[in-house]
Amino acid sequence: MNKTLVILLGPTGIGKTDLSIELALRFKTEIISSDSRQFFREMAVGTAVPPLEQLEKVKHHFIGHLSVNDYYSASKFEKDFLQVSKDLFKVHDLLLMTGGSGLYIDAACGKIDNIPDVDSSVRDKYLRKFMDEGLESIRTDLRLLDPVYYRTVDLKNYKRIIRALEICESTGKPYSHYLKKKGKKRAFNIIKIGLNMDRRELYSRINDRVDRMIASGLEEEARELFRYRDKNALNTVGYKEMFRYFDGEISRDKAIELIKRNSRRYARRQITWWSRDKEIKWFHPGEKKEIIRHIEIETRDPGPKTQ
RNA sequence: GGGGAGAUACCAAAGUGGCCAACUGGGGCAGACUGUAAAUCUGCUGUCGAAUGACUUCGUAGGUUCGAAUCCUGCUCUCCCCA
């Protein structure tokens, strides 16, 4: 029996949610979220979690299963996803994944290598070093510990450098040693469906959606979460701008304007991320029939699969 | 009616004789990114060109000068003050 994971992806605000519910109903299956911010239950408004009546139509996984206090990562998601999908594939031939977090989707597809867990204190140590001594200092460390990776990293991106350093130090092997870049086999087929549309149209949808979030209480939600502002989960479009407003740094209108702009930029980065993924078949969100047909053709059983 | 200030690229705003196709910010575009990824980071943004470069710009029409966004004059428009 062929098992298939259909991944519906696309930039924020394009209309993944509505379509995913329709598709899930059509194929009588469940939805697995791959939206790294909808995981956090306290952040429902600002991350456009579907309303209850929508969620009730189809069973959803990985929505609100974490608290903003929890540590999470792409590799944790990979593990959680494999466990859940394994169970779900026992009763479904087709599962639907939808969300906008490119790295998390890649993780689910087996595109990130296994790298040992490291103690967070090592990361903290290098983060502190970076803040105290600057980029040059941690760059020098990396040049010594992993000269191979040093040649390819973005040397201005402290997060990249610290990630490599924490691996080098806690495993005793260079970070580049773990980067096999082969991809791991999955026990199911994968169909990637990308949603995209004219940029102007997308931007106007994003702007409108931000207004709707404000109307549904984003400000109040952000106020509730203000005390958690230092948590990584709150380093998110919609919240960080509100926090600046609460600080008195910018006006409410300015905050809303920035949320719109940053959401647009986020959408752009998402599109860039997927632009190099040749496995994605692109559609306009209005092409519902074409998308369904595409899924049906791709999942039709006979014949050797070219995946 | 009188006096004053100003018009700069998509927007805002520097520049006040050569180092100016023009600082900077915004907006936009493009890209990188294998463990907090809605994060983090980079480049471009007058036109043509892959590029050396070529060409056209600083309200507008003239003028001064080897050379003008920068100086002078007329015109148009905007703003402020006095009537």
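Note on naming: letters A, B, ... go to the chains in the order of the sequence lines (proteins, then strands), and numbering restarts at 1 for each one. Predicted, not measured: the structure shown is a model, and the values here were computed from it.
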Trainee: In whole angstrom, give the distance that lies between atom CZ of A:F81 and atom C1' of B:U34.
Mentor: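 Nearest whole value for this atom pair: 17 Å.
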Trainee: Does any nucleotide pair with B:C71 by Watson-Crick or G-U wobble geometry, both distances under 3.5 Å, and what is it?
Mentor: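 The base-pairing partner of B:C71, which may sit in any strand shown, is B:G63.
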Trainee: Flag yes if more than 12 heavy atoms outside A:K129 fall under 6.0 Å of its NZ atom; otherwise flag no.
Mentor: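 Yes.
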Trainee: Run A:K125 and A:E169 through side-chain contact (heavy atoms from CB on, under 4.5 Å) and show every step you take.
Mentor: CA-CA 11 Å; A:K125 186 185 98 180; A:E169 171 159 334; 2.8 Å; yes
Trainee: Taking atom P in both B:U47 and B:C29, compute the distance separating them and give it to the nearest angstrom.
Mentor: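 Pairwise P distance, B:U47 against B:C29, rounds to 15 Å.
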Trainee: With the side chain of A:Q38 defined as its heavy atoms from C-beta on, choose the nearest nucleotide among B:A38, B:U36, B:U34.
Mentor: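 Shortest atom-to-atom distance from the side chain points to B:A38.
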Trainee: Could you tell me the separation between the CG atom of A:N262 and the P atom of B:C41, rounded to a whole number of Å?
Mentor: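 Roughly 13 Å, once rounded to whole Å.
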Trainee: Which value, in whole Å, describes the distance between the C1' atoms of nucleotides B:A12 and B:C82?
Mentor: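 It works out to 31 Å between them.
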Trainee: Across all strands, who's sitting opposite B:A32 as a Watson-Crick or G-U wobble pair, both distances under 3.5 Å?
Mentor: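 Pairing partner: B:U40.
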Trainee: Which part of the nucleic acid does A:R265 contact within heavy-atom distance under 4.0 Å: base, sugar-phosphate only, or nothing?
Mentor: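 Sugar-phosphate, backbone atoms only, no base.
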Trainee: Mind checking whether A:F130 and A:Y158 have parallel, tilted or perpendicular rings, split at 30° and 60°?
Mentor: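 A:F130 and A:Y158: parallel rings.
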Trainee: Could you work out the separation of B:C44 and B:A22 based on their P atoms and round it to a whole Å?
Mentor: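 The answer is 12 Å between these two P atoms.
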Trainee: Using the P atom on both, measure B:A38 against B:C55 and round to a whole Å.
Mentor: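 My reading of the P atoms in B:A38 and B:C55 gives 48 Å.
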Trainee: Compare side-chain N and O positions of A:N157 against OP1 and OP2 of B:A39 and report whether any pair is under 4.0 Å apart.
Mentor: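 So the side-chain polar atoms of A:N157 never come under 4.0 Å of the phosphate oxygens OP1 or OP2 of B:A39.
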Trainee: Would A:F188 and A:H92 satisfy ring pair (Phe, Tyr, Trp, His ring centres under 6.0 Å), going step by step from the backbone distance to the final call?
Mentor: CA-CA 12 Å; A:F188 43 82; A:H92 297 285; over 10 Å; no
Trainee: Of the nucleotides B:A38, B:U42, B:A30, which has the atom closest to the A:K156 side chain?
Mentor: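 Of the options given, the side chain of A:K156 lies nearest B:U42.
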Trainee: Base, sugar-phosphate, or nothing for A:K240, non-hydrogen atoms under 4.0 angstrom?
Mentor: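 Contact class for A:K240: sugar-phosphate only.
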Trainee: Which residue lies toward the 5' end of RNA chain B, A:K111 or A:S263, if each is placed at its nearest nucleotide?
Mentor: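 Taking each residue's closest nucleotide, the earlier one in sequence belongs to A:K111.
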Trainee: On the nucleotide B:C29, are OP1 or OP2 found under 4.0 Å from the side-chain N or O atoms that A:Y203 carries?
Mentor: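 Yes, such a contact exists.
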Trainee: Rounded to whole angstrom units, what separation is found between the CZ atom of A:R268 and the C1' atom of B:U42?
Mentor: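 The distance from CZ of A:R268 to C1' of B:U42 comes to 12 Å, rounded to the nearest Å.
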Trainee: Regarding A:R200, tell me which of base, sugar-phosphate or nothing describes its non-hydrogen contacts under 4.0 Å with the strands shown.
Mentor: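 If one applies the 4.0 Å heavy-atom cut-off, A:R200 turns out to touch nothing in the nucleic acid.
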Trainee: Indicate, with a heavy-atom threshold strictly under 4.0 Å, whether A:Y158 touches base, sugar-phosphate, or nothing.
Mentor: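 Since only primed, P, OP1 and OP2 atoms lie under 4.0 Å of A:Y158, the category is sugar-phosphate.
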Trainee: Checking contacts here: which listed nucleotide (B:C41, B:U40, B:A38) is nearest the side-chain heavy atoms of A:D154?
Mentor: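 The answer is B:C41.
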Trainee: Yes or no on side-chain contact (heavy atoms from CB on, under 4.5 Å) for A:R199 and A:I271, after CA distance, side-chain angles and deciding distance?
Mentor: CA-CA 11 Å; A:R199 194 63 62 83; A:I271 293 167; 4.1 Å; yes
Trainee: Applying a 3.5 Å limit to both distances, which nucleotide forms a Watson-Crick or G-U wobble pair with B:G6?
Mentor: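 Its partner is B:C77 (Watson-Crick or G-U wobble, both distances under 3.5 Å).
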Trainee: Going through the checks in order, is the salt bridge (charged side-chain N to carboxylate O under 4.0 Å, His left out) test met by A:R252 and A:E219?
Mentor: CA-CA 9 Å; A:R252 186 171 184 275; A:E219 185 180 342; 2.5 Å; yes
Trainee: To the nearest angstrom, how far is A:R163 atom CZ from B:U34 atom C1'?
Mentor: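 Distance check: A:R163 CZ to B:U34 C1' gives 8 Å.
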Trainee: Check the distance between B:U34's P and A:Y175's OH and give it to me in whole angstrom.
Mentor: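 Distance, rounded to whole Å: 7 Å.
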Trainee: Just checking A:T47: base, sugar-phosphate only, or nothing, at a heavy-atom cut-off of under 4.0 Å?
Mentor: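 The answer is base, as A:T47 lies within the cut-off (heavy atoms under 4.0 Å) of a base atom.
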Trainee: With rounding to whole Å, what would you report as the distance between B:G49 and B:C41 at their C1' atoms?
Mentor: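 Straight-line distance between the two C1' atoms is 29 Å.
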Trainee: Rounded to the Å, how far apart are A:W273 CH2 and B:G31 C1'?
Mentor: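 Rounded to the whole Å, the gap is 13 Å.
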Trainee: Can a side chain N or O of A:R199 be found less than 4.0 Å away from OP1 or OP2 on B:C29?
Mentor: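 Checking B:C29 against A:R199, a side-chain N or O does come within under 4.0 Å of OP1 or OP2.
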Trainee: What does A:Y239 touch in the nucleic acid at a heavy-atom separation under 4.0 angstrom: a base, only the sugar-phosphate, or nothing?
Mentor: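 If one applies the 4.0 Å heavy-atom cut-off, A:Y239 turns out to touch nothing in the nucleic acid.
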Trainee: In whole Å, measure the gap between the P atoms of B:C79 and B:C10 for me.
Mentor: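 It comes out at 23 Å once rounded to the nearest Å.
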Trainee: Can you tell me whether the side chain of A:D106 and the base of B:U34 have a donor-acceptor pair closer than 3.5 Å?
Mentor: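 A donor-acceptor contact between them is absent.
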Trainee: B:G26 C1' sits how many Å from A:L258 CG, rounded?
Mentor: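 For the pair A:L258 CG and B:G26 C1', the rounded distance is 10 Å.
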Trainee: Across all strands shown, which nucleotide pairs with B:A22 by Watson-Crick or G-U wobble geometry, both distances under 3.5 Å?
Mentor: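 With both distances under 3.5 Å required, B:A22 matches none.
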Trainee: Should A:R264 be listed as having a side-chain N or O under 4.0 Å from OP1 or OP2 of B:G28?
Mentor: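 So the side chain of A:R264 is within the cut-off, an N or O lying under 4.0 Å from OP1 or OP2 of B:G28.
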Trainee: Please state the P separation for the pair B:C20 and B:G26 - nearest whole angstrom.
Mentor: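 About 22 Å, rounded to a whole number of Å.
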Trainee: Under 4.0 Å between any heavy atoms, over every strand shown, what does A:D113 touch: base, sugar-phosphate, or nothing? Just pick one.
Mentor: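 Contact class for A:D113: base.
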Trainee: Please classify the nucleic acid contact of A:G238 as base, sugar-phosphate, or nothing, using heavy-atom distances under 4.0 Å.
Mentor: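 It contacts nothing in the nucleic acid.
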Trainee: Is there a donor and acceptor pair closer than 3.5 Å between the side chain of A:R269 and the base of B:A38?
Mentor: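 Answer no: no donor N or O sits under 3.5 Å from an acceptor.
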Trainee: Looking at B:A38, I'd like to know if its phosphate oxygens (OP1 or OP2) sit under 4.0 Å from a side-chain N or O belonging to A:S101.
Mentor: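 For B:A38, OP1 or OP2 has a side-chain N or O of A:S101 closer than 4.0 Å.
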Trainee: When all nucleic acid strands are considered with a 4.0 Å heavy-atom cut-off, which category describes A:P116: base, sugar-phosphate, or nothing?
Mentor: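 Base: the residue A:P116, judged by heavy atoms under 4.0 Å, touches a nucleobase.
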Trainee: Let's see if you can work this out: which of B:A38, B:C33, B:U40 has an atom nearest to the side-chain heavy atoms of A:T236?
Mentor: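 Out of B:A38, B:C33, B:U40, the nucleotide with an atom closest to A:T236's side chain is B:A38.
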Trainee: If B:G1 has a Watson-Crick or G-U wobble mate with both distances under 3.5 Å, name it; if not, just say none.
Mentor: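 Matched B:G1 with B:C82 under the 3.5 Å cut-off.
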Trainee: Measuring from the side chain of A:T272 (C-beta onward, heavy atoms only), which nucleotide among B:U34, B:G31, B:U36 has the closest atom?
Mentor: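 So the side chain of A:T272 is nearest to B:G31.
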Trainee: Name the orientation class of the two ring planes belonging to A:F39 and A:F77 (parallel below 30°, tilted from 30 to 60°, perpendicular beyond 60°).
Mentor: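 Answer is parallel, since the angle falls under 30°.
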Trainee: Kindly check if the number of other-residue, nucleotide or ligand heavy atoms within 6.0 Å of CD (A:E224) is above 12?
Mentor: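 Check fails, neighbour count at 12 or below.
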Trainee: Using the P atom in both, what is the distance from B:A9 to B:U70, to the nearest Å?
Mentor: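 To the nearest whole Å, 14 Å.
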Trainee: More than 12 foreign heavy atoms under 6.0 Å from NZ of A:K184: is that the case here?
Mentor: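 It does: A:K184 NZ has more than 12 such atoms within range.
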Trainee: With sugar-phosphate meaning primed atoms plus P, OP1 and OP2, does A:D35 contact a base, only sugar-phosphate, or nothing at under 4.0 Å between heavy atoms?
Mentor: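 Base, at least one base atom sits under 4.0 Å.
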Trainee: Base, sugar-phosphate alone, or nothing: which one does A:Y266 contact when heavy atoms must sit under 4.0 Å apart?
Mentor: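 Touches a base.
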Trainee: Give the rounded distance in Å between these two atoms: NZ of A:K173 and P of B:U34.
Mentor: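 Value for this atom pair: 21 Å.
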